[in-house]
Structure formats: structure tokens, C-alpha cells
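Presented below is the structure to which this report refers.
The structure presented is a predicted model; accordingly, all values stated were derived computationally and were not measured. For reference, positions follow the sequence shown, starting with 1.
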Amino acid sequence: MSAGSIVQRSWRSFIGGRLRRLPRTQERGRHGYSLWQRVWASCIGFDLPTQFGAAATHEAWALAARLAPQREQSQNRQPVGRIASGWFALPPLTSAGTLTAAGGDAVALETSSPDGRVGFLVRRRGNGGAEYSLELVLRGVDVDGPLVSAIRYTQPDGRDRVLLVPVIQSQFGPPASLVRLPGFGDDTAWTAAVPSSVALDTAWDAATVADSVRAALNEATRDAWRQLRELVDDDVRSVIDGALR
């Protein structure tokens with residue numbers, strides 16, 4: 001192989017390019033590596049992993065939170081305002097989504113968190129005045145106790161809705177919960193929070209807790225709320241118990 005071809009391959013590798021006849025099987029990491037590491041890896045033809053170091057997951061969340069407002073504008077989404085740390089934007093549904101058979105439901109959107117550890121599966125039921133549900137799935141995450149994510153979106157009446165989604169370890173399959181999304185629809189701007197554990201002093205609005213419990217669509221999600229009630233104070237526990245009845 002000529003020296004010229006080696007230089008060309010090294011330059012393509014360094015800038016993230018590739019030959020059309022050689023499709024990449026995985027994304028090449030760039031963030032988190034020094035210049036010399038990237039140069040050396042490109043010279044030897046090694047694809048650096050997309051996550052580097054113990055703090056890679058935390059940095060991925062932080063980067064997503066910083067870049068989300070720019071992505072909102074560049075993709076012509078409805079603005080969701082400043083995204084707080086620990087939250088990330090999700091793609092909206094489009095009116096050109098899936099067709100739904102009468103009396104059935106269909107997958108309207110499948111997406112994931114920036115680090116791929118949380119999956120979001122939105123289903124549409126009905127055609128006119130469609131209703132939406134969300135299945136939230138944790139991938140490769142050890143769940144010793146309930147973890148809680150949150151979904152925030154704007155309803156047609158202009159009011160923001162926040163739904164808490166608890167997830168517990170499943171006996172079969174990955175940890176997952178299924179909830180109703182009232183007022184959700186095409187082009188709805190929405191964000192999600194990184195799943196986290198719950199502390200006794202966690203501050204939750206009573207109305208939000210009640211709405212979130214009532215949004216549960218299966219027994220696994222209700223079981224997650226039953227486990228969660230053991231970790232919160234008496235006020236939140238009473239709200240959970242009342243909504244579970």
C-alpha cells in the first residue's frame with residue numbers, strides 16, 4: 001500500500017469521513033479524547049468508542065441539555081424553553097406518522113435518550129381524536145429500587161403537563177412502565193428527565209403525583225407506584241394511595 005493511501009485514510013479517519021464502499025459499523029468517538037489520541041487512532045485505523053472515561057454518561061446528559069435548545073430551532077420544533085440540567089429534548093410526532101386500523105393501535109414514534117439507556121415508545125390509538133400512550137424502557141440499567149423519570153409537554157390548551165413515570169425491575173424482560181399521555185399529539189414539544197432514585201424529602205406537587213398515578217396503564221406501573229410509596233413522606237404516600245384506589 002502506498003504512503004499516499006495511508007495519508008488519505010488517516011485524514012479521512014481523523015475528520016470522521018469514510019469510503020462509500022466501507023460502511024461504518026459503529027460511530028467513531030471524538031468528544032473526550034485529546035488531539036494526539038485521535039491522530040494516533042486514525043493512523044492505526046482504530047475506532048475510538050463514543051463514550052470515554054467513567055464520567056462519559058454524565059457528560060452525555062450534560063451535553064444533550066446544552067445542545068437541545070439549538071436542536072429545537074434547527075429542526076423547526078415548537079420551542080420548549082430553556083432545558084434544565086438532567087432533562088433532554090425528544091423528537092415530536094409528525095402528522096405523516098403511522099396509519100392506525102380501526103379499534104387498534106400503532107407505533108407512532110420510537111426514540112431514546114442521548115446515551116441510549118432509556119427507550120421511549122409512543123403508540124397512537126384511533127384516528128380522529130387519537131389517544132397516545134408511552135412505554136418507557138430502561139436498557140442495561142441495574143434497578144435495585146424504583147427509579148423515576150418525568151415527561152413534560154405542552155397540551156393544546158397551552159398548559160404544561162408533567163407526568164412522573166416510576167420504573168422497577170421486571171421479573172421478565174427489561175424494566176418498563178406504560179402510561180397514558182393526555183393531551184399529547186402531533187408536533188407536541190416534549191422533554192424527559194434522567195431516571196433517578198427517590199429520597200424521603202423529594203418535593204413533588206400533589207396534583208402532579210395524582211395525575212401521574214392515574215395515568216398508569218398496566219399493573220407493572222401501578223406496582224412501581226406501590227413500591228415508591230414506601231420511600232416518600234406521609235403526604236405524598238396518601239396522594240398515591242388515593243389515586244391507586
Side-chain angles (χ1 to χ4, degrees), residues 49-65 68 83-91 107 109-123 132-153 161-181 184 190-206 208-241 243-244:
T50 55
Q51 293 186 356
F52 178 78
T57 299
H58 174 75
E59 292 174 358
W61 290 121
L63 179 62
I83 298 180
S85 177
W87 290 73
F88 52 92
L90 293 167
V107 174
L109 175 68
E110 184 172 7
T111 187
S112 62
S113 60
D115 69 351
R117 293 192 174 193
V118 189
F120 301 86
L121 186 65
V122 179
R123 290 188 175 89
Y132 293 89
S133 63
L134 169 68
E135 183 176 9
L136 189 151
V137 183
L138 303 186
R139 301 165 176 161
V141 178
D142 293 330
V143 181
D144 295 329
L147 297 180
V148 180
S149 182
I151 305 298
R152 181 174 60 204
Y153 59 94
R161 178 183 286 271
V162 176
L163 290 177
L164 304 172
V165 185
V167 184
I168 57 175
Q169 185 64 52
S170 174
Q171 184 176 1
F172 304 102
S177 285
L178 181 64
V179 298
R180 185 183 298 107
L181 295 176
F184 196 83
W190 60 315
T191 58
V194 178
S196 59
S197 55
V198 180
L200 183 63
D201 59 350
T202 299
W204 282 335
D205 176 70
T208 297
V209 174
D211 286 347
S212 301
V213 176
R214 287 192 288 264
L217 282 177
N218 63 0
E219 199 60 29
T221 310
R222 285 185 281 270
D223 283 343
W225 279 110
R226 293 185 184 102
Q227 290 191 25
L228 185 63
R229 70 177 297 280
E230 304 299 329
L231 305 176
V232 296
D233 60 32
D234 292 339
D235 292 337
V236 176
R237 186 178 301 118
S238 64
V239 173
I240 295 173
D241 290 342
L244 281 173

Exercise for review: Could you pull out the closest heavy-atom pair between Ala150 and Val162, with the gap in Å?
Suggested key: CB-CG1, 4.4 Å
Study note, to complete from the structure: d(Leu134 CG, Leu90 CG) to nearest 0.5 Å is 8.5 Å
Check your understanding: Do Thr221 and Asn218 get their side chains close enough for a donor-acceptor pair, meaning under 3.5 Å?
Key -> yes
Practice item. Evaluate the side-chain proximity of Leu178 to Ser133: yes if any heavy-atom separation is below 4.5 Å, no if none is. Key: yes
Review point. Less than 4.5 Å apart, any side-chain heavy atom of Leu109 and any of Tyr132?
Key: no
Practice item. Working to the nearest 0.5 Å, report the span between CZ of Arg226 and CD of Glu219. Key: 4.5 Å
Point to revise | Result of checking Leu231, Thr202, Val167, Leu164 against Val148 for side-chain contact (heavy atoms from CB on, under 4.5 Å) | key: Leu164
Check your understanding: Less than 4.5 Å apart, any side-chain heavy atom of Val118 and any of Leu138?
Key -> yes
Practice item. Please step through side-chain contact (heavy atoms from CB on, under 4.5 Å) for the pair Val141 and Leu147, ending with a clear verdict. Key: CA-CA 10 Å; Val141 178; Leu147 297 180; 4.1 Å; yes
Point to revise | With Glu230 via side chain to side chain contact (heavy atoms under 4.5 Å, CB included) - residues at least two apart | key: none
Check your understanding: Does any N or O in the side chain of Ser149 come within less than 3.5 Å of the main-chain N or O of Val165, such that one atom is a donor and the other an acceptor?
Key -> no
Check your understanding: Quick check: does any side chain N or O of Arg161 sit under 3.5 Å from a backbone N or O of Tyr153, one acting as donor and the other as acceptor?
Key -> no
Revision key, fill the gap. In terms of heavy-atom contacts, Arg237 and Arg229 come closest through NE-O, 2.8 Å
Revision key, fill the gap. Distance col, row Trp204:CH2 vs Ile240:CD1, nearest 0.5 angstrom, shows 6.5 Å
Study note, to complete from the structure: d(Leu136 CG, Ser112 OG) to nearest 0.5 Å is 11.0 Å
Review point. How close do Arg180 and Leu217 get, heavy atom to heavy atom, and via which atoms?
Key: NH2-CD2, 3.1 Å
**Study point:** Any donor-acceptor pair under 3.5 Å from Arg152 side chain to Thr191 backbone
**Key:** no
Revision key, fill the gap. Tightest non-hydrogen contact, residues Gln169 and Pro175, listed as OE1-CG, 3.8 Å
Practice item. Using modelled atom types only, decide if a donor and an acceptor are shared between the side chain of Trp190 and the backbone of Pro91 within a distance under 3.5 Å. Key: yes
Point to revise | Separation of Arg222 CZ from Gln227 CD (nearest 0.5 Å) | key: 14.5 Å
Check your understanding: Between Gly116 and Arg139, what is the shortest heavy-atom contact and its length?
Key -> O-CD, 3.4 Å
Practice item. First locate atom CZ of Phe120, then atom OG of Ser113, and finally report the distance between them rounded to the nearest 0.5 Å. Key: 6.0 Å
